[in-house]
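Worksheet: the structure to be examined is printed underneath.
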Amino acid sequence: MNENIKKFYDKKMETLEKAKKYMTGIFETEEQVELAVDIFRTRYELCMGTEDAEYQARYTSNQCLKAVFGRIINDDVIDRIQSYDCLRDHINTLESFLNDDTAVLIGQPHTIGTDDYDCIVIGSLSKFKDGLHQDFWMLSDEWNGSGYGMPCELSADKKKKVVAYWKEKGML
């Protein structure tokens with residue numbers, strides 16, 4: 001098990017437990033929280049990529065949330081639903097790297113340095129070398145069409161730092 005990823009994953013899980021308690025304070029049950037997240041996510045399924053379509057999709061999902069949950073839905077609650085959804089997506093991404101001993105986190109609170117996107121980035125040696133996934137994986141707070149994480153390209157300088165880290169650990 002990758003201890004750096006595990007520590008970060010554990011912190012995210014603690015945050016998720018707190019967020020879940022907070023969300024069940026807004027909604028009555030965990031099932032209602034899940035329903036709210038599902039309705040919230042429809043905005044991405046409805047969106048066709050144009051600015052007008054994105055606006056309409058956001059408006060439609062917000063109206064659906066208000067129709068189902070009534071007055072408890074406001075801009076702050078919608079932001080909290082998005083943050084909760086984002087946190088769960090980050091945890092799912094981290095889970096996929098837990099057993100990858102070559103995976104390294106780039107960014108705070110870790111020591112390799114911050115990434116080029118001011119987000120946490122995960123680099124995996126096996127995915128870096130296989131030719132298909134030479135990008136790194138960024139955990140972003142913005143939706144990218146399939147989740148809040150996305151492949152990203154680091155600067156040559158940052159890649160050199162990560163490659164030096166892998167060499168230092170005897171992986172290359």
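None of these values were measured; they are calculated from a predicted model.
The CD atom of Gln82 lies 11.0 Å from the CG atom of Asp89; values are rounded to the nearest 0.5 Å. With rounding to the nearest 0.5 Å, the separation of NZ in Lys20 from CD in Glu34 is 7.5 Å. Taken to the nearest 0.5 Å, the CG atom of Leu16 stands 10.5 Å off from the CE atom of Met23. Note that CG of Asn62 is 7.5 Å distant from CG of Asp75, once rounded to the nearest 0.5 Å. Summarising the geometry, atom CD1 belonging to Ile78 is positioned 6.0 Å from atom CD1 belonging to Ile73; distances are rounded to the nearest 0.5 Å. One finds the CG atom of Asp79 at 12.0 Å from the SG atom of Cys86 (value rounded to the nearest 0.5 Å).
Take Arg80 and apply the side chain to side chain donor-acceptor pair (under 3.5 Å) test, not counting sequence neighbours, and it matches Tyr22, Asp76. For Tyr84, the ring-ring contact (aromatic ring centres under 6.0 Å, His included) test picks out no residue, with sequence neighbours left out. Applying the side-chain contact (heavy atoms from CB on, under 4.5 Å) rule to Glu28 yields the partners Gln32; only residues at least two apart in sequence or on another chain are considered. A search for side-chain contact (heavy atoms from CB on, under 4.5 Å) contacts involving Thr15 returns Leu87, not counting sequence neighbours. With sequence neighbours left out, Lys21 forms a side-chain contact (heavy atoms from CB on, under 4.5 Å) with no residue at all. A search for side-chain contact (heavy atoms from CB on, under 4.5 Å) contacts involving Glu95 returns Tyr9, Ile91, Asn92, Leu98, not counting sequence neighbours. Shown here are the side chain to side chain donor-acceptor pair (under 3.5 Å) partners of Asp101, two or more places apart in sequence or in another chain: there are none. For Lys6, the side chain to side chain donor-acceptor pair (under 3.5 Å) partners two or more places apart in sequence, or in a different chain, are Asp10. Residues meeting the side chain to side chain donor-acceptor pair (under 3.5 Å) test with Gln63, sequence neighbours left out: none.
Residues Val77 and Leu65 fail the side-chain proximity criterion, which asks for heavy atoms closer than 4.5 Å. Residues Thr42 and Thr60 are not in side-chain contact: their nearest non-hydrogen atoms beyond the backbone lie 4.5 Å or more apart. Between Thr24 and Val33 the shortest side-chain heavy-atom distance falls below 4.5 Å. Looking only at side-chain heavy atoms (C-beta outward), Phe27 and Val37 stay at 4.5 Å or farther from each other.
Between the side chain of Arg41 and the backbone N or O of Asp38 there is no donor-acceptor pair closer than 3.5 Å.
When every heavy atom of Ile72 is checked against every heavy atom of Ile26, the shortest pair comes out as CD1-O, 3.6 Å. Here the shortest heavy-atom pairing between Ser61 and Arg43 reads OG-NH2, 2.9 Å.
Note: the hydrophobic cluster containing Phe40 does not contain Tyr59 (ILVMFWY, side chain heavy atoms under 4.5 Å, direct or indirect links).
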